[in-house]
Amino acid sequence: MTRHRGRGMASINYPIGMNLGGDPSQALVHSNPSGKFTVALSSIDLGQGMKSVTRQICAETLGVPVEDVYVDTADSDTGPHCMGSFASRGTHRVGNAVMAAAREARGVMMEAAAEELEVNAADLETDGRGNIHVKGAPHRSISTKDVAIAAQFKQGKTISGRGIFLVPLSDVDPETGEMSPATCYAHACLVAEVEVDDETGEVAMVRMDSAYELGRALNPRLVEQQLVGGAWMGVSHALYETPEPYYPDPAHGPRDFVEYLMPGPGDICAHDIAVLERPAPDGPFGAKGPGEMCANPVLPAVANAIFNAVGVRIDDLPITPEKVLRAIKAQGGARPQARH
Amino acid sequence: MSKIPLQFRHNGRDVAIFVDGGTNLLVALRELIGDMTPKFGCGQGGCGTCSVLIDGELHLSCLTLAETVAGRSIETLDGMKQGPNLHPLQRAFADNFAAQCGYCTPGMLMAAKALLDRNPSPSRADVIEAISGNICRCTGYEPIINAILAAAGGRASA
Ligand code: FES
Ligand code: FES
């Protein structure tokens with residue numbers, strides 16, 4: 001028995017969101033009489049952090065502390081329309097919608113503040129700590145809370161805003177079939193190192209190194225969390241998971257978590273990640289979104305690493321020990337490739 | 001079918017309920033006690049999100065007959081924080097971004113607590129062993145392992 005090391009690489013060009021129907025999402029922002037703001041969305045936070053990131057975007061745009069913003073998600077009865085949380089579109093599409101809504105709400109808030117301070121709204125600025133003051137004269141100031149109270153009880157104004165993000169529809173050229181399926185792309189490159197056992201066909205992950213270019217990372221810890229967790233899922237798709245192991249024959253399909261294989265905490269490897277920030281021109285504060293691309297490059301990189309280790313090219317996922325072993329046998333033994 | 005009277009301690013408090021024969025502890029805790037912290041993932045021992053401590057030992061509540069815990073002491077995630085203060089493990093989970101959707105988190109925290117209660121300074125291998133019966137779909141495990149090690153080291157940050 002010999003264990004062979006191999007290294008494989010993959011790079012990807014990943015579209016953020018999609019083109020279908022303009023891929024719209026809406027957001028509504030309004031202030032409460034307490035001077036706090038609510039963002040109403042029907043978008044869903046699956047744990048990836050959409051609530052946190054839309055909260056940051058809203059607070060930054062309004063010019064108020066992040067603690068003053070509450071994000072209400074996932075109710076299509078009370079929230080405005082959203083296409084959904086998929087296609088890595090949340091930060092970019094919903095973020096843009098929230099930004100537009102917050103901008104409109106900010107306009108009303110500044111008008112209401114101007115009326116209270118008896119100045120021109122254009123002369124006002126927010127301090128990001130819950131106050132609005134005259135530029136160059138910070139003592140002429142009013143809190144957002146007092147503005148909200150004045151708007152609600154005195155001026156009869158709603159401090160609110162509507163936002164939508166809609167991608168301009170890209171028609172398909174009838175001659176060439178050419179179209180522009182996305183407006184914003186993220187990029188990544190990942191190197192996987194594996195160890196392949198030529199007697200059992202088992203593949204063990206040794207380490208991963210990756211670089212992700214995903215626009216501005218609005219919340220770096222959430223980005224890192226997404227990339228770490230997503231790479232695990234990529235390994236899982238590359239080597240373990242399948243509902244139909246002998247597709248199209250339905251036999252031996254897993255029926256529960258015991259039979260549906262996924263790598264456990266003992267099967268993971270070190271993963272060094274570099275995040276490159278190149279702000280996207282049409283993203284909220286330059287953000288694209290790490291979404292699904294966190295898993296994608298792992299699959300081809302692992303397949304390439306297995307080829308590099310034992311010389312077998314497996315193009316059918318997941319790459320189970322059985323497939324590796326059959327392929328090694330078919331070519332008459334492991335044939336390690338050159339390593340660069 | 002007649003109900004069976006059952007008494008046990010739930011997070012330091014005595015509780016008395018009536019259960020049907022065959023009721024598992026997970027259902028008893030969630031539906032009869034109202035403690036929703038142990039989650040239902042699979043109901044057959046495959047995921048670990050229903051984990052609780054029985055007399056300090058880690059058990060899968062979905063595979064435990066409720067009748068068998070009479071007179072014993074059950075700890076769930078609901079009893080973990082001390083008053084308004086998060087338990088150091090909870091703090092470390094938050095600081096290390098060890099939860100995304102959070103569905104595995106109750107089970108992970110109970111497994112981690114069982115480990116630290118018997119071994120306050122575990123190695124990375126000990127931590128991996130301790131959570132190997134718990135499935136997480138989101139985090140890739142690394143942040144969870146780091147959080148448990150951080151809590152053990154008394155450093156509640158990454
Ligand atoms: S619900 Fe008990 S192990 Fe899955
Ligand atoms: S955080 Fe989602 S399953 Fe672990």
Side-chain angles (χ1 to χ4, degrees), chain A residues 44-53 73-74 85 90 190 192 205 207-208 210 217 219-241 254-273 290-292 294-295 298, chain B residues 39-51 58 60 62-63 92-109 111-112 115 122-150 156-158:
Chain A
I44 299 173
D45 190 334
L46 305 160
Q48 79 278 39
M50 178 124 86
K51 266 187 156 172
S52 303
V53 86
T73 53
S85 295
L190 185 137
M205 295 302 299
R207 66 169 292 117
M208 287 185 277
S210 62
N219 188 319
R221 291 296 302 271
L222 284 181
V223 167
E224 183 193 320
Q225 183 189 46
Q226 180 74 6
L227 298 179
V228 170
W232 170 86
M233 199 182 273
V235 169
S236 196
H237 289 159
L239 300 175
Y240 295 79
E241 284 182 47
R255 288 160 300 185
D256 52 45
F257 286 135
V258 180
E259 295 174 351
Y260 189 83
L261 299 182
M262 292 180 274
D267 304 313
I268 57 177
C269 64
H271 181 188
D272 202 23
I273 301 169
E292 292 172 22
C294 57
V298 181
Chain B
K39 302 294 177 202
F40 176 91
C42 63
Q44 54 180 201
C47 74
T49 195
C50 65
S51 299
L58 190 65
L60 299 169
C62 72
L63 293 188
F93 266 57
D95 290 343
N96 285 276
F97 286 66
Q100 278 198 29
C101 79
Y103 207 79
C104 70
T105 312
M108 288 289 182
L109 282 165
L115 169 70
S123 66
R124 192 183 154 92
D126 295 334
V127 171
I128 287 173
E129 167 79 37
I131 61 167
S132 60
N134 297 64
I135 292 178
C136 175
R137 188 55 164 160
C138 310
T139 63
Y141 297 102
E142 187 69 34
I144 296 175
I145 297 167
N146 291 340
I148 298 171
L149 287 171
S157 65

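Every chain is numbered from 1 and lettered A, B, ... according to where its sequence line falls, protein lines coming before strand lines. All heavy atoms count here, side chains included; hydrogens, waters and symmetry mates do not. As the structure is a prediction and not an experimental result, all values here were calculated from the model.
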For Ser132(B) and Pro265(A), the nearest pair of non-hydrogen atoms, with its separation, is CA-CG, 3.9 Å
Could you tell me the separation between the CD atom of Gln225(A) and the CG atom of Asn96(B), rounded to the nearest 0.5 Å?
10.5 Å
Okay, Gln226(A) and chain B: the region with an atom under 4.5 Å from a heavy atom over there is both
Where does Ile268(A) contact chain B at under 4.5 Å (heavy atoms): side chain, backbone, both or neither?
side chain
Any idea which heavy atoms bring Val228(A) and Pro143(B) closest together, and the distance?
CG1-CD, 4.1 Å
Measure distances from Ile135(B) to the heavy atoms of chain A and classify the residue's part below 4.5 Å as side chain, backbone, both or neither.
side chain
Using heavy-atom distances under 4.5 Å, tell me whether Ala99(B) contacts chain A through its side chain, its backbone, both, or neither.
backbone
Max heavy-atom pairs within cutoff under 4.5 Å with chain B, candidates Leu222(A), Val258(A), Val235(A), goes to Leu222(A)
Residue from Gln44(B), Glu129(B), Arg137(B) scoring the most non-hydrogen pairs under 4.5 Å with chain A is Arg137(B)
Please report the interatomic distance CE(Met233(A)) to OG1(Thr139(B)), rounded to the nearest 0.5 Å.
10.0 Å
For the residue pair Gly46(B) and Phe257(A), what are the closest heavy atoms and their distance?
O-CB, 3.7 Å
